[in-house]
Each structure stands twice: as structure tokens, then as C-alpha cells.
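In what follows, a structure is listed as C-alpha cells, so that the remarks can point back to it.
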Amino acid sequence: MLQLHTIREHKDTIIQALKKRNFDAEPILSAVLDLDEKRRAIQTELDATLAESNKLSKEIGILFKSGKAQEANALKEQTAGLKESSKNLGEELNATATALQEQLYQIPNIPNESVPAGNSDEDNEEIYREGDIPKLVENALPHWELAKKFDIIDFESGVKITGAGFPVYKGKGARLQRALISYFLDKNTAAGYTEIQVPHMVNEASGYGTGQLPDKEGQMYHVQADDLYLIPTAEVPITNLHREDLLTSKDFPIKYTGYTPCFRREAGSYGAHVRGLNRLHQFDKVEVVRIEHPDDSYKALDEMVEHVKGILNELQLPYRILRLCGGDLGFTSALTFDFEVFSTAQDRWLEISSVSNFETFQANRLKLRFKDENGKRQLAHTLNGSSLALPRVLAGILENYQTEDGINIPEVLVPYCGFDRID
RNA sequence: GGAGGAAUGGCAGAGUGGUCGAAUGCGGCAGUCUUGAAAACUGUUGAGGGUCACACCUCCGGGGGUUCGAAUCCCUCUUCCUCCGCCA
């Protein structure tokens with residue numbers, strides 16, 4: 001959520017910047033400024049009314065104490081009108097503030113200067129590429145065939161016990177999954193991230209804090225009986241650890257990593273491109289989250305990108321890094337780098353990590369502030385990234401490491417797996 | 001699930017209808033003293049809105065109510081504690 005004072009002072013700049021997202025901000029910003037002005041006018045009037053009745057109440061108290069009941073009762077009558085109008089003004093104020101809030105929730109984050117213009121994922125800018133695309137064996141298989149052939153993932157059973165998009169991992173498949181989680185967590189911990197385990201369901205306030213609500217309501221599973229949401233990513237509970245916090249500069253950097261399953265309804269996205277592990281309703285992910293001083297957040301973002309690169313280099317998977325264009329950039333993000341692994345047998349790139357700086361967008365919703373060097377309160381910057389999302393990494397390993405009669409395990413994972421080959 | 005009790009500033013903890021945004025202690029910050037530090041002493045120290053700056057307004061777990069006036073009374077929700085029951 002953008003800050004009101006930013007909108008007041010830089011309306012035109014914001015309109016310009018949001019054009020990169022193909023978002024025409026003029027009408028909504030005008031509405032916001034009108035509502036803001038209205039809200040403040042009402043507030044001023046209400047304040048004056050309340051000040052008047054506070055004054056009278058004090059006088060009444062003093063009169064009663066000094067035994068002048070008659071004068072006190074006379075004053076009481078004067079308060080009736082004030083009470084009535086402060087009640088009305090209060091209601092008006094609430095309605096205006098709510099309307100203002102609703103508008104503010106509709107405005108996406110301002111893209112960083114470096115974000116390229118563009119409409120869709122086709123306009124994303126490739127900024128880095130690493131690793132050779134392996135020449136596969138004659139009749140190379142896509143990962144869902146490999147999974148079946150070696151009996152390591154059972155999609156049918158998942159359908160039976162839950163539904164499509166909920167795979168069952170078996171034997172070496174399950175073990176490889178656990179190995180990846182441990183490996184990622186170890187890498188992240190070694191890089192200074194504190195490992196953390198969080199609830200897999202969150203309340204409504206947390207959903208608003210990181211921006212899943214109200215914009216993406218339909219993408220989360222909602223447990224109606226208790227009004228809780230299954231997390232779509234560990235970003236939500238982890239970042240919300242610091243909701244409503246007032247930190248100091250000394251608290252930075254705050255670096256967390258956590259493994260959680262992620263639940264996404266992915267309504268309406270079915271078809272050939274979501275086969276196998278490509279898109280799931282439940283998947284595992286290891287996430288990194290940082291909370292930073294505004295001056296340091298882009299340095300932190302670079303560090304995160306380098307960190308993920310290091311992991312993919314170790315896994316020896318061919319990948320590329322994209323700088324997302326305005327049209328593909330997430331609602332809450334100012335700058336996002338996507339990592340994609342090449343899925344050889346499918347002949348396509350699969351997104352396996354998304355590393356973003358949200359600047360103050362989430363912090364404003366979260367009321368995540370710190371006292372700066374001068375004792376002034378400022379919003380912190382929040383960042384997060386996947387490190388990494390499991391299913392597509394798994395797909396990449398299965399496809400890229402397949403041989404005539406089996407699948408090799410990347411060297412770094414062998415100690416975690418306890419085997420070096422699936423066959 | 002049943003029965004009770006509680007929720008106050010960074011923390012601890014007073015306050016049960018009026019001048020209380022809130023005593024006191026600890027902590028934090030600044031100063032005195034000291035070569036420096038500690039101790040001691042002095043001062044200062046919650047958040048949000050609003051203003052050029054004041055004024056002023058709001059906030060004592062959340063929401064609603066009673067009253068001229070609510071941290072204080074009533075209703076409700078949430079959370080925590082104690083006891084009972086159940087249970088991985």
C-alpha cells in the first residue's frame with residue numbers, strides 16, 4: 001500500500017511510474033486525494049466538537065464537586081447537541097476512512113526505475129544465463145513419465161485421496177524431496193538466515209499485511225469454520241512476525257528462512273502446461289525473508305539473487321534470470337527477479353524462484369517501522385525470495401539428470417539422499 | 001468441552017466514574033561526577049491523527065453500550081492463566 005503523503009506529494013510521478021504496469025492511476029489517485037481531503041475536514045470538525053464537549057464535561061465535574069448541582073445540570077443540557085453531532089461526524093469519518101482504505105488497497109506498488117515496460121512474461125528481460133543445456137538420451141522423457149517409470153511420484157493416488165494437483169511422493173522421490181529441503185535450509189542458514197518454523201494457516205490480518213488480501217482472495221484456501229487461510233507461501237507468516245513492530249536501526253538486517261508447504265487454489269489454470277509437477281495446489285518451498293533499512297534493501301536484493309545463483313550452480317542446473325517487466329510484476333513488488341530452470345524434456349523454462357523487493361509497500365500495511373538514527377519513525381523495507389520451490393527443481397533434476405536407464409542425483413544432494421541414483 | 005480469574009506504556013506494576021495518557025520501579029536516552037567506565041545524582045523517555053509550528057483530537061486487548069464525563073460500570077469477541085474432562 002502506498003503512503004498517503006507520497007500520493008499527496010508525488011501524484012504525477014506515481015501516475016507516470018504506474019504506466020509501466022499498464023495501470024491508469026489518474027482516476028484512483030484523484031479519488032484518493034478527494035477522500036483524504038474530505039476525511040481530514042471531517043476529522044477537524046469532529047475534533048473541535050469533541051474538544052468542546054470535553055471542556056464542558058470538565059466544567060460539570062468541577063461544579064458538581066463544589067456543590068453547584070444546579071449550574072452543572074444547566075451545562076448538561078448544552079452537551080446534548082454536541083453529542084449528537086459528534087456521533088454523526090464519527091460515522092461520517094468512519095465511512096470516509098473505509099472508502100479511502102478500499103481505494104488505497106487497489107493501487108499496486110510503484111515499479112523500480114529499472115523495471116522494463118511490457119505487457120506480459122514475453123517482455124521480461126533476461127539478464128543472466130548459466131549452465132549448458134544437456135544433450136539428452138535418444139528417448140528422453142518428461143518428468144511425469146520418469147516419475148511413473150521409477151515409481152517415485154504417484155499422481156493418481158493424490159487424485160484419489162484429495163484431488164488433482166496434490167501429488168504423493170514415494171520412496172526415493174519422497175527422500176529426494178526431504179533431501180532438497182534440508183539442503184536448501186542448510187545453505188540458507190550458512191548464509192546467515194535464521195531457520196524458523198511457522199504456522200501453515202494465517203488469520204485475515206496477516207493476509208492483509210503481506211498483500212494477499214484483498215487482492216488475491218480467491219487464490220488462497222479459506223477454512224471457513226475458523227476464518228483462517230492456508231498459506232500460499234511462507235512469506236505470509238514469516239513477514240507477519242514483525243507486523244506492528246517498531247524496530248531500531250540496530251535490528252537490521254533481519255534474515256529468516258523457513259520451509260513450509262504452500263497451498264494455492266490456482267482456479268482456472270488447467271491444461272497441458274500444468275502437467276506433472278509444473279503447477280500444483282500443494283507444494284513445498286523453502287523461503288527467505290529479509291527486513292531491511294531502506295538504504296540497504298537493494299543491496300540485500302542483490303545478495304539474495306547471488307545466493308540463489310550459488311545454489312543453482314551447485315545443483316548444476318541450467319537456468320536464467322529475468323527482470324520482470326511492469327506487466328508481469330506482482331502487485332506488491334517494486335522489483336522482481338525470476339529464476340527459471342530449463343526443463344529439457346519439455347523444452348521450456350520453469351520458474352523456480354522469485355526474488356522481490358517490496359520496499360515499503362508491505363511495511364505500510366504491516367505497520368512495520370523502525371526508529372532511524374535521528375529518532376524518526378520510518379517504514380522498513382521487506383524482501384523475500386524462494387530458495388527454492390521444490391517441484392520444479394525436482395522436475396529439472398529428473399529431466400536433466402536422466403540417463404538411458406535411470407536418473408543421477410546431483411552430487412551435493414547425495415549426502416542428503418543416501419543414494420546417488422534412481423533406477 | 002465445562003467452571004472460574006485476568007488483559008494497563010519497552011518490561012514489571014498501581015489506578016474501580018471527573019483535573020488520568022495514566023503513580024512507582026526497571027530499562028532506554030541526555031547530563032553532572034570520572035583519565036575512561038561503573039556507581040550515585042539530575043533531567044528526559046508511549047503511539048496515531050492534525051498543524052509551518054502550537055492548539056486540539058484519539059488510543060489502557062478488539063468491538064458495541066450506559067453517562068455531561070469511562071482505564072474504571074454493562075454486553076460481546078479474542079487471547080492468556082488456574083481447575084476439571086478429553087487427547088497426539
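Protein chains get the first letters and strands the later ones, always in sequence-line order, with residue 1 at the start of each.
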What is the distance, to the nearest angstrom, from the [atom1] atom on [X] to the [atom2] atom on [N]?
| X | N | atom1 | atom2 | result |
| --- | --- | --- | --- | --- |
| A:N203 | B:C77 | CG | C1' | 14 Å |
| A:L82 | B:U67 | CG | P | 16 Å |
| A:D36 | B:U51 | CG | P | 9 Å |
| A:R8 | B:U51 | CZ | P | 7 Å |
| A:H5 | B:G48 | NE2 | C1' | 14 Å |
| A:Q43 | B:U58 | CD | P | 10 Å |
| A:L100 | B:G49 | CG | P | 13 Å |
| A:E9 | B:C52 | CD | P | 12 Å |

inquiry  = Here's one to test your reading of the geometry: is the NZ or CZ of A:K172 within 45 degrees of the ring axis of A:F150 and under 6.0 Å from its centre?
reply    = no

request  = State whether the number of non-hydrogen atoms from other residues, nucleotides or ligands found under 6.0 Å of A:Q197 atom CD is greater than 12.
outcome  =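 It does not: A:Q197 CD has 12 such atoms or fewer within range.
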
ask   = Below 3.5 Å, does any donor atom in the side chain of A:N54 face an acceptor in the base of B:G69, or the other way round?
value =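 Side chain to base: no pair present.
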
Could you let me know what [N] is paired to, Watson-Crick or G-U wobble, both distances under 3.5 Å, or none if it's on its own?
| N | answer |
| --- | --- |
| B:G69 | none |
| B:C41 | B:G31 |
| B:A88 | none |
| B:C83 | B:G2 |

query = Hey, is A:D302 close enough to A:K299 for a salt bridge, meaning N to O under 4.0 Å?
reply =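 Here A:D302 does not pair with A:K299 in a salt bridge, since their nearest N and O are not under 4.0 Å apart.
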
ask   = Between A:K149 and A:D405, does at least one N-O distance fall below 4.0 Å, as a salt bridge requires?
value = no

key: Phosphate OP1/OP2 of B:C56: any A:K55 side-chain N/O under 4.0 Å   = no

RNA chain B: 5'-proximal contact among A:N94 and A:A80 (nearest heavy atom) = A:N94

request  = For a side chain to side chain contact (heavy atoms under 4.5 Å, CB included) with A:D284, tell me which candidate from A:T260, A:L390, A:V393 qualifies.
outcome  =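 That would be A:L390; it is the only one of A:T260, A:L390, A:V393 passing the side chain to side chain contact (heavy atoms under 4.5 Å, CB included) with A:D284.
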
